[in-house]
Number of protein chains: 2
Amino acid sequence: MPRSERHLANTQSPAHCDVDEAIAACRLRGAQMTPLRQAVLSALWSADRPLGAYDLRDRLAEECGRQIAAPSIYRTLDFLCEQGVAARIESLNAYVACVHSDHDHACVFLVCESCGDAVEIENQQVEQLINEDAKRLGFVVKHRVLELSGFCAPCQETS
Amino acid sequence: MPRSERHLANTQSPAHCDVDEAIAACRLRGAQMTPLRQAVLSALWSADRPLGAYDLRDRLAEECGRQIAAPSIYRTLDFLCEQGVAARIESLNAYVACVHSDHDHACVFLVCESCGDAVEIENQQVEQLINEDAKRLGFVVKHRVLELSGFCAPCQETS
DNA sequence: CATCAAACGCAACAATATATCATCGGTGCA
DNA sequence: TGCACCGATGATATATTGTTGCGTTTGATG
């Protein structure tokens, strides 16, 4: 199920949004939402799993009829991540659209080794605990990478 | 300060070990500690920051007088990570020696963007919270990636 | 000492990411 | 209008990181 249909199923989580809302949010912050940036974000939203930069390039190539160069893809992804509307999953070298709309939130990704999908959850408590640890050590946190790999519920049933 | 001297400074944390203890622990589990594996682990212990696979190759080349091929390095690192005596830091594409001796523990790394060093901390509470979240969603966790990037205390003073 | 599996070497290659410079298009301003 | 500037994108090349396949060596074990 692509991200664009999943917010209805996830009603227990707070503050979901969709592509258009994400784009609007960026615009409100004064960010330029160029055609390329919108295209990349849409591609992430319509994907059913995290996409690598080169996957994205291939998907966009089909849509646009031309090749976007790797540096453009990476620049665009960096922008979207800074805006908080996408996130990089380090353990996959891949990117997902961010379902939670806050600009600066810590999210935890559950990455399924079988189907390859990554589900984003939010946990304020974890964030708080981690911040306390960091604070105690005098460490100033700029960015959080919280990823769990394993097997999602549907994939356990089928195996 | 290299890992090999740091366990004395970190007296508040539990169950620290050094290179020799780590090697002994692997042997107890029946793992073959070959010269290459010991050399790689020692190199990680004596480093003052996480090392990339190719950094490691270069360091070993100086010591051994010959080039170890990339696949050997990666195989060795995989082995050490499985044994729990080293860990991969996804956000750096690099590896560190693991200071905590438990075979299957979740550790959080504080990665300084300035000096490049990564400090390992353990937080049972975080681990527990995350496990609860995963359990609620029917997700079976196999591996955890918990990394915070930012600035460590010493680096803040100097800037 | 014979056997077997695990570890290692080697060569090629694939995937991921960045550096550098050129170009394009809008914006502000004389 | 003409011009200088700036951010976004294009294009090319290259760097860095990671993998595959296969043959050889090594070391534990009977």
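We name chains A, B, ... by the order of the sequence lines, and we start the count at 1 in each one.
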For residues 85-95 of chain A, run the donor-acceptor check on the side chains, cut-off 3.5 Å, and write out each pair with its distance to 0.1 Å, sequence neighbours left out.
| unit_1 | atom_1 | unit_2 | atom_2 | d |
| --- | --- | --- | --- | --- |
| A:Arg88 | NE | A:Glu90 | OE1 | 3.1 |
| A:Arg88 | NE | A:Glu90 | OE2 | 3.3 |
| A:Arg88 | NH1 | A:Tyr95 | OH | 3.0 |
| A:Arg88 | NH2 | A:Asn93 | OD1 | 3.0 |
| A:Ser91 | OG | A:Glu147 | OE1 | 2.5 |

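Shown here is A:Gln125, whose CD atom has no more than 12 heavy atoms of other residues, nucleotides or ligands within 6.0 Å.
A:Asp117 is linked by a side-chain hydrogen bond (donor to acceptor under 3.5 Å, both in side chains) to A:Arg6, counting only residues two or more places apart in sequence or in another chain. Applying the side chain to side chain contact (heavy atoms under 4.5 Å, CB included) test to B:Ala70 and every residue at least two apart in sequence or in another chain returns B:Tyr54, B:Tyr74. Looking at residues two or more places apart in sequence or on another chain, you find a side-chain hydrogen bond (donor to acceptor under 3.5 Å, both in side chains) between A:Arg75 and A:Ser72. Partners of B:Arg66 according to the side-chain hydrogen bond (donor to acceptor under 3.5 Å, both in side chains) rule, which considers only residues two or more places apart in sequence or in another chain, do not exist here. For A:Ser46, there are no side chain to side chain contact (heavy atoms under 4.5 Å, CB included) partners at least two apart in sequence or on another chain. Partners of B:Gln38 according to the side-chain hydrogen bond (donor to acceptor under 3.5 Å, both in side chains) rule, which considers only residues two or more places apart in sequence or in another chain, do not exist here.
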Practice item. Treat primed atoms plus P, OP1 and OP2 as sugar-phosphate and everything else as base, then score nucleotides 13-24 of chain D 5' to 3': B for base contact with protein heavy atoms under 4.0 Å, S for sugar-phosphate contact only, - for none. Key: ----BBBB----
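Protein atom CE of B:Met33 is 15 Å distant from nucleotide atom P of D:dG27, rounded to whole Å. For A:Gln67 and D:dT12, the CD to P distance is 12 Å, given to the nearest whole Å. D:dA8 atom C1' lies 10 Å from atom CZ of A:Phe79, rounded to whole Å. Rounding to whole angstrom units, CG of residue B:Leu36 and P of D:dT26 are separated by 14 Å.
Sequence order on DNA chain C of the closest nucleotides to B:Ala69 and B:Arg37 puts B:Arg37 first from the 5' end.
Look at A:Thr34 and you'll find a side-chain N or O under 4.0 angstrom from OP1 or OP2 of D:dT9.
The span of DNA chain C lying next to chain B, judged by atoms under 4.0 Å from heavy atoms, is bounded 5' to 3' by C:dA6 to C:dA11.
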